[in-house]
Each structure stands twice: as structure tokens, then as C-alpha cells.
Amino acid sequence: TIIQQKSDEIAEAYQKMFDLNTQLTNTVSDLQVARKQVEKQRDELSKQKENTDSSIRYARRIQDAMLPYANKLNSWFSEYFIFYRPRDIVSGDFYWFTERNGKIIVTAVDCTGHGVPGAFMSMIGFSKLSQVVNENNITESDEILNYLHEGIRHSLKQEETENRDGMDMALCVIDREKQTMSFSGAKNPIFIYQNNAIELVKSDKMPIGGLQREEKRIFSKHTFDISAPTNVYLFTDGYQDQFGGEQGKKFMTTNFFQLIQGIAHKPMQEQAQILQETMDNWIKGYEQTDDILVIGLKVS
């Protein structure tokens, strides 16, 4: 009886081992099937990502093609620099130059968002600026912003929808015949350098497009004599808002102002090099948080 009992226990143990082995085999088989499914999904996602990246890179080519050509800028300015560093492949920041009625118009624009959403807004901005200035022949800095604001709100149907997208920008109109420059800004100021002194010129504290509580949005205009040698600096907020340094803090507008103040007397290309090297050292070890755009122009 004892022998029979032990024999039954051994048989039961073997059966359990057999059952466990069968379960293990089935589990391994299921895992192999699941692995193949995961690998297939991974390959599909990789292909989709490659196609998406390819499309975005092509969009970057289109966006770059819309920016002003260097030979045109060289004919307008004896010295200038454009420090342009998108956070992603495409950018929500853009710059725009044109000549109309003997005036040179330049603007640095920061659209809502960055990457693909920002790039869509930048295309709308390009189109509307060209319509306002080149088609409607509006060349006063404040009027350009007034009409642009209305155009953006109309294009995005912001009166009827919850859309609040828009843009911050600094825009200058240079009249070399009269030796004057006018400036209008939507949340973005400019720096002007004359007679070894630099000045921050504030903008209006409201954007182009977006929420409008007032009955009609009217931007102001500042006019400057540029008969003396003059540099002007237009920029978005990407440089001063970048995190970095030993404590991981923002660069800040005060430091940015002091940086420009310290290099404004140098040749423009040297200024651009210093700006780039300063940012490279500051950002080391951190991700770029926003698109960066700084424009320096010797306007007289």
C-alpha cells in the first residue's frame, strides 16, 4: 500500500511537470507570436516615422525657400546677420524682408507654437504680410500690424471659433531718403544702437491675432532719426528664454541686452559668431526649448 501510494505521488508529480512543460511551451509559442507582432508594428511605425520625417524635411525646404535670399539682403544692407536656429526641423519663427515705395521693411516673427503647428502659422504669416504690404501697398509700420491683425483673425475665423493662435513680432520700416526708421511691435521690442549707446524700445503688449477684448486693436508707431550710424536688432524670445548655464535657468532679457550692448560696436559677422558661441556654451547639456531668431542690421 505504501509503495502504491508513493508510486501514485510520483506519477502525479510527473503529470504536473508534464502539464507545466506544456504550459511553458505554449507560453513560449505565444511570446514568439507576440514578438513577431511587436516587430511588425515596430517596422511599420519606423516606416511611418521615416515618411513623416521626410515630409517635414521637405516642408523645411519650402519654408527656407520663402525666406529672403542673401543677394537681396546684400543689396539692401552693407552689414547684417541673421542668427536663426529652429528647435525642430521646421520653425514657428520666421523673418521677412521686402522693399516697397523706396522703403525697406523687415520683421522678426514668433508664431504660436513651434515645429509643425508653428510652421503652419508661419506660412499664414508670410502670406498675410505679402498681401498687406505688396498687394495693398501699406508701408506704415503701425498700419501693417493693424491690417495683419485683422487678416489673421479673419483667416482663422477667430470671431466665431475658440482659436487663439497668433504671433508676436517686431517690424521696422527703413526710409533711407528721409533717414528715418519707424518701429511697431506686437509684444516684441527692439534694440537700437547709436552714438555708442544702446536703447530698448518697447512694443505694445498685445499680439497679432488671438483673443481681442477691445473693440478695435490699434498698434503704435515709434520713429527714429537714422542720419547717424545706426544698428537695429530684432528678435523673438527664444534666445533669452533658453534654459542653461550651471543652474539651469533662463538666459533672461537683461543678460541678452547686456550681451548685445557689449558687442554692438563690432562688425556684424563677429557679433553673430559671439551670439552663437554664447548660446552654444549656455545650452550645453540642455535641450533647446524654443525657436531662436536674432537679426542685426546696420541701417545707416
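Values reported hereafter were calculated over all heavy atoms of this structure, with side chains retained and with hydrogens, waters and symmetry mates removed.
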May I ask you to check whether over 12 heavy atoms, not counting those of Tyr286, lie within 6.0 Å of atom OH?
yes
Working for side chain to side chain contact (heavy atoms under 4.5 Å, CB included), residues Phe97 and Leu73:
CA-CA 8 Å; Phe97 290 71; Leu73 298 179; 3.5 Å; yes
Closest non-hydrogen atoms of Ala228 and Asn195, given as atom of the first, atom of the second and distance, are CB-OD1, 4.2 Å
Do Val106 and Thr98 have side chains that get closer than 4.5 Å, going by heavy atoms?
no
Do the two ring centres, one from Phe191 and one from Phe235, sit under 6.0 Å apart?
yes
Going from CG on Leu171 to OG on Ser182, what distance comes out if it is rounded to the nearest 0.5 angstrom?
7.5 Å
So Lys103 and Glu140, salt bridge (Lys or Arg N to Asp or Glu O under 4.0 Å) or not? Walk me through it.
CA-CA 10 Å; Lys103 301 174 181 178; Glu140 296 299 321; 3.2 Å; yes
Is there a side chain to side chain donor-acceptor pair (under 3.5 Å) between Gln273 and Glu277 once you walk through the steps?
CA-CA 6 Å; Gln273 185 67 26; Glu277 291 174 354; 2.9 Å; yes
Could you check whether any side-chain N or O of Gln288 sits under 3.5 Å from a backbone N or O of Asp290, counting only pairs where one atom can act as donor and the other as acceptor?
yes
Between Gln37 and Gln41, does any side-chain donor sit less than 3.5 Å from a side-chain acceptor?
no
Tell me whether Asp280 is salt-bridged to Arg85, with the criterion being a basic N under 4.0 Å from an acidic carboxylate O.
yes
Over all atoms of both residues, closest heavy-atom pair of Arg100 and Val133:
NE-O, 3.7 Å
Do you know the tightest heavy-atom contact between Cys111 and Asp93?
N-OD1, 4.3 Å
If we count only N and O atoms by modelled type, under 3.5 Å, do the side chains of Ser122 and Gln63 hold a donor and an acceptor together?
yes
Measure from the side-chain N and O atoms of Thr27 to the backbone N and O of Gln23, and report whether any donor-acceptor pair falls under 3.5 Å.
yes
Do the side chains of Phe81 and Phe256 join up, straight or via other hydrophobic residues, at under 4.5 Å, putting them in one cluster?
yes
Note, Phe77 side chain near Ile104 side chain (heavy atom, < 4.5 Å):
yes
For the pair Ser184 (side chain) and Asp142 (backbone), establish whether a donor and an acceptor sit closer than 3.5 Å, ignoring hydrogens and angles.
yes
Apply side chain to side chain contact (heavy atoms under 4.5 Å, CB included) to residues Phe83 and Tyr239 and explain how you reach the verdict.
CA-CA 10 Å; Phe83 178 42; Tyr239 201 104; 3.6 Å; yes
Which distance, rounded to the nearest 0.5 Å, do you find between the CD1 of Ile226 and the NZ of Lys298?
11.5 Å
Take a 6.0 Å sphere around CZ of Phe257 and say whether it holds more than 12 heavy atoms from other residues, nucleotides or ligands.
yes
Is a side-chain N or O of Gln158 found less than 3.5 angstrom from the main chain of Gly210, in a donor-acceptor match?
yes
List the atom of Asp291, the atom of Val90, and the distance in Å for their closest heavy-atom pair.
OD1-O, 4.4 Å
Give me the ring orientation class for His222 and Phe224: parallel if the planes are under 30° apart, tilted from 30 to 60°, perpendicular past 60°.
parallel
Kindly indicate whether the side chain of Ile274, heavy atoms from C-beta on, has any atom under 4.5 Å from the side chain of Glu270.
yes
Minimal non-hydrogen separation, Thr289 against Asp241, with atom names:
OG1-O, 3.9 Å
Quick check: do Tyr95 and Pro68 have side-chain heavy atoms less than 4.5 Å from each other?
yes
Look at the side-chain heavy atoms of Ile, Leu, Val, Met, Phe, Trp and Tyr, link any pair under 4.5 Å apart, and say whether Ile218 and Ile138 land in one connected group.
no
If I take atom CD from residue Gln242 and atom CD from residue Glu287, how far apart are they, to the nearest 0.5 angstrom?
9.0 Å
Take a 6.0 Å sphere around CZ of Arg61 and say whether it holds more than 12 heavy atoms from other residues, nucleotides or ligands.
no
Shared hydrophobic cluster for Val132 and Leu156 (ILVMFWY, side-chain gaps under 4.5 Å):
yes
Ignoring hydrogens and angles, tell me if any N or O in the side chain of Ser29 forms a donor-acceptor pair with the backbone of Thr25 under 3.5 Å.
no
Who passes side chain to side chain donor-acceptor pair (under 3.5 Å) against Glu177, sequence neighbours left out?
none
Would Gln271 and Asn231 count as a side chain to side chain contact (heavy atoms under 4.5 Å, CB included) here? Give the steps.
CA-CA 12 Å; Gln271 294 182 45; Asn231 293 352; 4.1 Å; yes
Can Leu145 be reached from Leu211 by stepping across I, L, V, M, F, W or Y side chains whose heavy atoms are under 4.5 Å apart?
no
Of Lys216, Gln212, His154, the one forming a side-chain hydrogen bond (donor to acceptor under 3.5 Å, both in side chains) with His149 is Gln212
d(Thr139 OG1, Asp175 CG) to nearest 0.5 Å is 8.5 Å
Roughly how far apart are Trp76 CH2 and Asn71 CG, rounded to 0.5 Å?
9.5 Å
Verify side chain to side chain contact (heavy atoms under 4.5 Å, CB included) between Ile198 and Ile260, making sure each step is shown before the conclusion.
CA-CA 8 Å; Ile198 191 166; Ile260 296 295; 3.4 Å; yes
Within 6.0 angstrom of Glu50 CD, more than 12 heavy atoms from elsewhere:
no
pair Ile208-Met169: side-chain heavy atoms closer than 4.5 Å:
yes
Flag, side chain of Arg176 to backbone of Val299, donor-acceptor distance under 3.5 Å:
yes
Return the minimal non-hydrogen interatomic distance between Ser155 and Lys128, and the atom names on each side.
OG-CE, 2.7 Å
One should read off an interatomic distance between Phe126 CZ and Met66 CE, to the nearest 0.5 angstrom, of 5.0 Å
Would Tyr233 and Tyr193 count as a close aromatic pair, with their ring centres under 6.0 Å?
no
Is it true that Ser220 and Asp204 share a donor-acceptor pair across their side chains at a distance under 3.5 Å?
yes
Any side-chain donor-acceptor pair under 3.5 Å between Asp225 and Ser227?
yes
Verify the neighbour count for atom CD of Glu159: are there more than 12 heavy atoms of other residues, nucleotides or ligands below 6.0 Å?
no
ILVMFWY network linking Ile292 to Met252, side-chain heavy atoms under 4.5 angstrom:
no
Counting only N and O atoms by type, is there a donor-acceptor contact under 3.5 Å from the side chain of Ser75 to the main-chain atoms of Lys72?
yes
Is it the case that Asn101 and Asn137 place a side-chain donor and acceptor less than 3.5 Å from each other?
yes
Look at the side chain of Ser203 and the backbone N and O of Ala186, then say whether any donor-acceptor pair between them is shorter than 3.5 Å.
no
Would you check if Met167 and Thr112 make a side-chain contact, meaning some heavy-atom pair closer than 4.5 Å?
no
I want to check something: taking the side chain as every heavy atom from C-beta on, are Pro207 and Arg217 in contact at a cut-off of under 4.5 Å?
yes
Run the salt-bridge test on Glu162 and Lys157 with the 4.0 Å N-O cut-off and return the result as yes or no.
no
Under 4.5 Å between any side-chain heavy atoms of Ile295 and Val232, yes or no?
no
